[in-house]
Amino acid sequence: MAILDELLNASGELLTAWETDKVKRRTLGKLPLALVPGMLPTPQVPKKVTPEDLAQIRVVAGALVTWDNAFGGGQALDHGRAQLQWAEGLLHADCPSDLRQALHSAVGDLAEKAAFMAFDAFHHTYARELFNFALACAAKTDDPHILVSILSSMSRQAVWCGRPRDALGYLDQSDSHAQRLTATERTTIETIRARAYAKLGPGYAEDALTAVGRADALFAQSDPANDPAWVNYYDEAQHQGDTAHALFDLAMIGRRTDAVTRFSFAVNNHRPGYTRSRTMSNIKLATLIMAAGDPREAAAIGQDSVYAASRLKSNRARTDLIALRMQATNRPSIPEAVELVERIDEAVGA
């Protein structure tokens with residue numbers, strides 16, 4: 001477990017450096033082996049599963065999520081593949097009956113984390129394969145929390161890939177476990193449901209707004225002390241940002257929303273380490289203002305996002321940046337907008 005402890009400790013230090021922009025002054029030689037891309041050792045699969053093996057899976061999953069949130073799925077995915085291969089091997093090892101459900105839950109959780117990294121890197125087919133493997137693991141447990149975590153991630157990918165009806169189907173499966181979920185978990189379901197409805201077009205705008213209202217009401221009942229580990233990321237900043245993403249699509253078709261206010265709150269209040277979430281909210285904020293507000297203000301906000309997005313190994317963030325570029329090109333008479341287009345071209349390629 002020493003290498004994992006080192007990974008977690010160093011991750012926190014590295015994220016602090018990243019947030020304060022000191023990371024570019026470091027060298028890989030100063031980082032522990034586990035933090036150098038491609039160098040995270042893959043443990044040998046034991047012949048018999050122990051509680052320590054399960055703890056190791058969960059520590060690895062937590063470390064990978066930390067890396068993913070800060071640097072993007074493309075950066076963390078190689079580590080995730082290697083560790084998942086080892087964890088999957090445990091399913092074929094001798095396992096005491098009292099650990100079997102916990103093993104499937106832990107492996108399913110790690111597979112879901114790796115799948116989300118693949119989704120963020122736009123390896124969509126691979127992500128779906130991993131999500132399905134995670135679901136198969138979850139089916140061997142009596143753990144609704146891991147199941148809903150997987151289904152919510154699958155629905156996020158489906159929304160992104162233009163399959164909002166598939167997303168709603170995954171969320172309907174989550175609804176069958178609603179009585180066993182915390183208020184925060186149910187909030188995430190309604191938030192994603194709002195995003196799916198918004199993607200269905202103007203005819204579903206009221207459904208999207210209603211889902212946002214339900215999400216707000218549920219989040220008001222949230223008690224982090226009761227939440228499972230998978231939903232610890234979902235604080236007020238995440239809620240405001242996620243609901244703003246749903247409202248963004250409505251605002252872009254002319255509906256009056258408070259998406260700008262929500263995005264602004266998310267950008268200003270995300271916890272350290274959530275670089276990708278903050279960056280994506282900032283890009284969407286700039287895009288919305290560029291489309292329907294002051295283009296100079298939008299350009300200033302967008303400039304702040306370009307550098308951060310270019311450092312992330314996240315194709316989702318890159319795609320959002322390109323969408324901002326498209327809006328900025330509609331303002332050719334505004335020098336700040338023209339400059340923003342040039343900056344984005346430098347960052348992601350013309």
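Note that the structure is a prediction, hence the values are computed from the model and not measured.
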Practice task
Would you please say whether a donor-acceptor pair under 3.5 Å links the side chains of Thr210 and Asp207?
Solution key: no
Would you give me the side-chain donor-acceptor pairs under 3.5 Å for residues 248-256, sequence neighbours excluded?
| residue | atom | partner | partner atom | Å |
| --- | --- | --- | --- | --- |
| Asp249 | OD1 | Lys199 | NZ | 3.3 |
| Asp249 | OD2 | Lys199 | NZ | 3.4 |
| Arg255 | NH1 | Glu206 | OE2 | 3.2 |
| Arg255 | NH2 | Glu206 | OE2 | 2.8 |

Fill in the blank from the handout: Those residues at least two apart in sequence (or on a different chain) that pass salt bridge (Lys or Arg N to Asp or Glu O under 4.0 Å) with Asp98 are none
Completion exercise
Rounding to 0.5 Å, atoms CZ (Arg262) and CG (Asp216) come to a distance of 4.0 Å
Problem - For Asp120, the option from Arg316, Arg156, Lys313 that meets salt bridge (Lys or Arg N to Asp or Glu O under 4.0 Å) - result: Arg316
Practice task
Check step by step if side-chain hydrogen bond (donor to acceptor under 3.5 Å, both in side chains) holds for Asn226 and Thr182.
Solution key: CA-CA 7 Å; Asn226 296 330; Thr182 68; over 6 Å; no
Exercise for the section: Among Ile, Leu, Val, Met, Phe, Trp and Tyr joined by side-chain contacts under 4.5 Å, find the other residues sharing a cluster with Phe116 and list them by chain and number. Expected result: Phe119, Phe122, Trp160, Met280
Problem - Set of residues satisfying side-chain contact (heavy atoms from CB on, under 4.5 Å) with respect to Asn269, sequence neighbours excluded - result: Ala237, Phe265
Handout entry: Those residues that, when tested against Ser305, pass side-chain contact (heavy atoms from CB on, under 4.5 Å) (two or more places apart)
Key = Asn282, Ile283
Handout entry: Listed partners of Asp166 passing salt bridge (Lys or Arg N to Asp or Glu O under 4.0 Å), at least two apart
Key = Arg163
Handout entry: Side-chain donor/acceptor of Arg331 to backbone N/O of Met290, under 3.5 Å
Key = yes
Problem - Any side-chain donor near an acceptor of the partner, Tyr234 and Thr191, under 3.5 Å - result: yes
Completion exercise
Rounded to the nearest 0.5 angstrom, the CG-OG distance for Asp320 and Ser281 is 9.5 Å
Practice task
Only counting residues at least two apart or in another chain, list the ones meeting side-chain contact (heavy atoms from CB on, under 4.5 Å) with Ser174.
Solution key: Val148, Leu151, Ile189
Exercise for the section: May I have all residue pairs that pass ring-ring contact (aromatic ring centres under 6.0 Å, His included) and include part of residues 128-157, sequence neighbours excluded? Expected result: none
Handout entry: Criterion side-chain hydrogen bond (donor to acceptor under 3.5 Å, both in side chains) on Gln56 and Glu52, from CA distance to verdict
Key = CA-CA 6 Å; Gln56 185 164 327; Glu52 289 73 23; over 6 Å; no
Problem - Contacts of Gln221 that satisfy side-chain contact (heavy atoms from CB on, under 4.5 Å) - sequence neighbours left out - result: Ala183
Problem - Partners passing salt bridge (Lys or Arg N to Asp or Glu O under 4.0 Å) against Glu336 (at least two apart in sequence or in another chain) - result: Arg296
For residues 103-112, please give each side-chain donor-acceptor pair under 3.5 Å, one per line with the distance, not counting sequence neighbours.
| residue | atom | partner | partner atom | Å |
| --- | --- | --- | --- | --- |
| His104 | ND1 | Arg100 | O | 3.1 |
| Ser105 | OG | Asp143 | OD2 | 3.1 |
| Asp109 | OD1 | Lys113 | NZ | 2.4 |
| Glu112 | OE2 | Ser153 | OG | 2.3 |

Practice task
List in chain and number order the residues that pass salt bridge (Lys or Arg N to Asp or Glu O under 4.0 Å) with Asp235, two or more places apart in sequence or in another chain; answer none if no residue qualifies.
Solution key: Arg271
